[in-house]
There are 2 protein chains.
Amino acid sequence: MTSKKRQQLVDTAIELFYAHGFHGVGIDRIAEAAHVSKKTMYHHFRSKEELILAALKHRDSLFRNNFMKAVEAAADTPRERLLAVFDVAQAWFSDNKFYGCMFINAVGEYAEPDTAIRAACKNFKRQMLAYIEELAQDAGLERPKQVAAALSILLEGSTVTAQVSENPDCARIARHAAEVLVEQALPGPRDRPPSLSPDSPV
Amino acid sequence: MTSKKRQQLVDTAIELFYAHGFHGVGIDRIAEAAHVSKKTMYHHFRSKEELILAALKHRDSLFRNNFMKAVEAAADTPRERLLAVFDVAQAWFSDNKFYGCMFINAVGEYAEPDTAIRAACKNFKRQMLAYIEELAQDAGLERPKQVAAALSILLEGSTVTAQVSENPDCARIARHAAEVLVEQALPGPRDRPPSLSPDSPV
DNA sequence: GACATTCTATACAGATCGGTTTACATTTGC
DNA sequence: GCAAATGTAAACCGATCTGTATAGAATGTC
């Protein structure tokens with residue numbers, strides 16, 4: 001059973017690191033905000049890096065869980081879900097506590113390769129890509145991996161564009177682009193009209 | 001005339017900030033690496049933030065200049081240039097000193113809105129988008145602004161994907177997606193075959 | 001050669017960094 | 001009631017942070 005104090009620390013660490021960066025937030029600040037003494041904090045995490053790793057790991061599972069649930073709630077058919085990814089993203093971008101992707105931000109601060117922090121970030125991205133590949137497969141697309149890779153790039157791009165340009169609506173642009181790519185990857189006759197046709201049998 | 005020492009400081013600041021983050025590099029380290037004393041450094045820049053701003057500004061003009069030159073050298077026709085953007089990006093990603101987009105990294109560390117640093121980053125992205133819009137316009141596409149926004153998102157997405165996943169080849173995926181989007185935005189009959197046709201008159 | 005200027009190296013100030021330790025309060029088990 | 005255990009706040013450590021000030025070397029000018 002994970003301790004309650006430990007969870008408070010991880011939750012607070014996620015919030016502060018996400019909003020102010022990893023180098024920008026000190027241990028003291030996290031301990032104080034979490035109402036935990038530094039001593040007990042160092043009882044649960046032997047270093048700042050371990051706290052960062054715990055925060056990233058928890059953020060990973062929490063974020064992907066919420067993301068998948070939101071996608072599944074937003075659409076029923078596999079193909080609609082593939083596009084609903086961008087609706088969910090738009091809602092995320094519109095949160096007033098949206099500061100981009102925490103893992104991209106982490107890599108921006110910790111660029112050295114072959115470190116535990118980078119590995120956690122790479123792993124998050126790999127799992128997000130795997131989820132999109134699964135959706136693309138279920139949607140019965142041709143070359144699902146390639147299409148999923150393109151949709152993943154659109155998702156990353158809209159995330160950083162929303163972050164830097166403070167414009168959540170770029171998710172709509174990404175969705176339109178995704179529609180074209182998905183349409184073009186549908187099996188069957190190639191020269192169909194560009195409008196979305198009703199579900200074809202898979 | 002900009003002083004030589006000043007330029008050394010800016011160049012060194014760009015290199016170190018880009019590789020290790022803004023909070024991760026101190027004033028002393030930059031002054032030492034630039035072979036400039038702290039005193040003369042504070043003669044040219046009254047604070048670290050001013051040095052950061054000068055570094056971002058110089059990086060902005062340098063990067064966009066090199067990028068545009070590389071695109072123009074890589075292709076002759078407007079439509080080919082629109083796609084050559086991703087070839088240039090791929091070469092950039094393959095540099096062993098590639099650490100993602102410096103401006104995205106900056107926003108990840110300085111999230112507070114309405115600051116000079118954020119304004120510099122937003123401005124860079126705005127100018128990059130304007131350049132892509134210009135290419136889209138010259139290529140004679142329908143809805144050039146919307147296509148340019150999508151291509152910009154693809155560019156941002158491939159940049160962060162190359163950064164986090166250490167895979168420069170995602171530029172190729174982005175290029176393929178861009179080809180589909182450009183093809184779909186060409187004026188004239190809609191149901192042409194998916195292969196790229198030779199230049200149509202604009 | 002004398003002098004003002006400009007650079008340097010370096011020490012310093014005060015704050016904060018990550019991390020440890022100390023002293024005390026609170027809870028717990030018996 | 002009492003001791004062991006666990007929590008706390010807070011001082012403390014050395015290092016580093018941004019920013020300033022000092023002392024001396026190099027430079028240029030007359």
Side-chain angles (χ1 to χ4, degrees), chain A residues 1-58 102 105-106 108-112 115-118 120, chain B residues 1-57 105-106 108-112 115-118 120:
Chain A
M1 195 56 212
T2 64
S3 141
K4 180 187 163 191
K5 296 273 175 190
R6 187 194 156 95
Q7 198 55 51
Q8 286 175 3
L9 283 166
V10 170
D11 292 342
T12 307
I14 290 175
E15 193 179 324
L16 292 180
F17 285 146
Y18 184 43
H20 305 104
F22 296 88
H23 285 101
V25 177
I27 288 292
D28 301 39
R29 193 167 160 194
I30 295 173
E32 187 182 350
H35 307 294
V36 170
S37 78
K38 266 174 89 172
K39 174 136 189 182
T40 47
M41 162 163 201
Y42 273 95
H43 168 71
H44 291 292
F45 308 97
R46 65 178 64 171
S47 70
K48 182 182 184 179
E49 184 177 343
E50 273 209 6
L51 177 60
I52 292 177
L53 285 171
L56 289 177
K57 191 168 175 175
H58 192 245
M102 191 174 184
N105 295 350
E109 290 198 57
Y110 299 97
E112 317 91 90
T115 62
I117 291 179
R118 282 207 63 133
Chain B
M1 194 56 211
T2 64
S3 138
K4 180 186 164 191
K5 296 274 176 190
R6 186 193 156 94
Q7 199 54 51
Q8 285 175 5
L9 283 165
V10 171
D11 292 342
T12 308
I14 290 175
E15 192 179 325
L16 292 180
F17 284 145
Y18 183 44
H20 305 103
F22 297 88
H23 285 102
V25 177
I27 289 291
D28 301 38
R29 193 167 159 194
I30 295 172
E32 188 183 349
H35 308 293
V36 169
S37 78
K38 264 175 90 173
K39 174 129 192 184
T40 46
M41 162 164 204
Y42 272 95
H43 167 71
H44 290 292
F45 308 97
R46 64 178 65 171
S47 70
K48 182 182 184 180
E49 183 177 345
E50 274 208 7
L51 177 59
I52 292 176
L53 285 171
L56 289 177
K57 191 167 175 176
N105 295 350
E109 290 198 57
Y110 299 97
E112 317 90 272
T115 62
I117 291 178
R118 282 206 62 134

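In the text below, chain A, chain B and the rest are named by the order of the sequence lines, each starting its count at 1. Computation of the quantities below employed the complete heavy-atom set of this structure, encompassing side-chain atoms and omitting hydrogens, waters and symmetry-equivalent molecules.
- Using a distance-only test at 3.5 Å, with no hydrogens or angles considered, no donor-acceptor pair links the side chain of A/E109 to the main chain of B/E109.
- Distance check: B/F17 CZ to B/T12 OG1 gives 10.5 Å after rounding to the nearest 0.5 Å.
- Between A/D11 and A/Q7, the side chains place a donor N or O and an acceptor N or O closer than 3.5 Å (distance only, hydrogens not considered).
- Atom CD in A/E32 sits about 14 Å away from atom P in C/dG18, given to the nearest Å.
- Checking side-chain atoms of A/T40 against main-chain N and O of A/H43 turns up no donor-acceptor pair under 3.5 Å.
- Remark: C1' of D/dC17 and CG of B/L51 are 15 Å apart, rounded to the nearest angstrom.
- Atom CG in B/D28 sits roughly 14 Å away from atom C1' in C/dC17 (whole-Å rounding).
- Atom NE2 of residue A/H20 and atom CG of residue A/N105 lie 12.5 Å apart, to the nearest 0.5 angstrom.
- Judged as a side chain to side chain donor-acceptor pair (under 3.5 Å), and not counting sequence neighbours, the contacts of B/K38 are B/D28.
- Of the inter-residue distances, the one linking A/I117 atom CD1 with A/Y110 atom OH reads 5.0 Å to the nearest 0.5 angstrom.
- If you take CD of A/E50 and C1' of C/dG18, they are 14 Å apart, rounded to a whole angstrom.
- Summarising the geometry, the separation between NE2 on A/H44 and P on D/dT6 is reported as 12 Å, rounded to the nearest angstrom.
- In this structure, the NE2 atom of A/H23 is 13 Å from the P atom of D/dT16, given to the nearest Å.
- Going from atom CZ of B/F22 over to atom C1' of D/dT18 covers 17 Å, rounded to whole Å.
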Sort me out a list of protein N/O and nucleotides 27-29 of chain D N/O pairs below 3.5 Å, or just none if empty.
none

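- A distance of 7.5 Å separates CG in A/L53 from CD in A/E50, rounded to the nearest 0.5 Å.
- Distance, B/I27 CD1 to D/dA15 C1': 18 Å, rounded to whole Å.
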Residues A/I30, A/F45; criterion side-chain contact (heavy atoms from CB on, under 4.5 Å); working and verdict: CA-CA 13 Å; A/I30 295 173; A/F45 308 97; over 6 Å; no
Measure all distances between protein nitrogen or oxygen atoms and nitrogen or oxygen atoms of nucleotides 6-10 of chain C, and list the pairs falling under 3.5 Å.
| residue | atom | partner | partner atom | Å |
| --- | --- | --- | --- | --- |
| C/dT8 | OP1 | B/K5 | NZ | 2.9 |
| C/dT8 | OP2 | B/S37 | OG | 3.3 |
| C/dT8 | OP2 | B/T40 | OG1 | 2.9 |

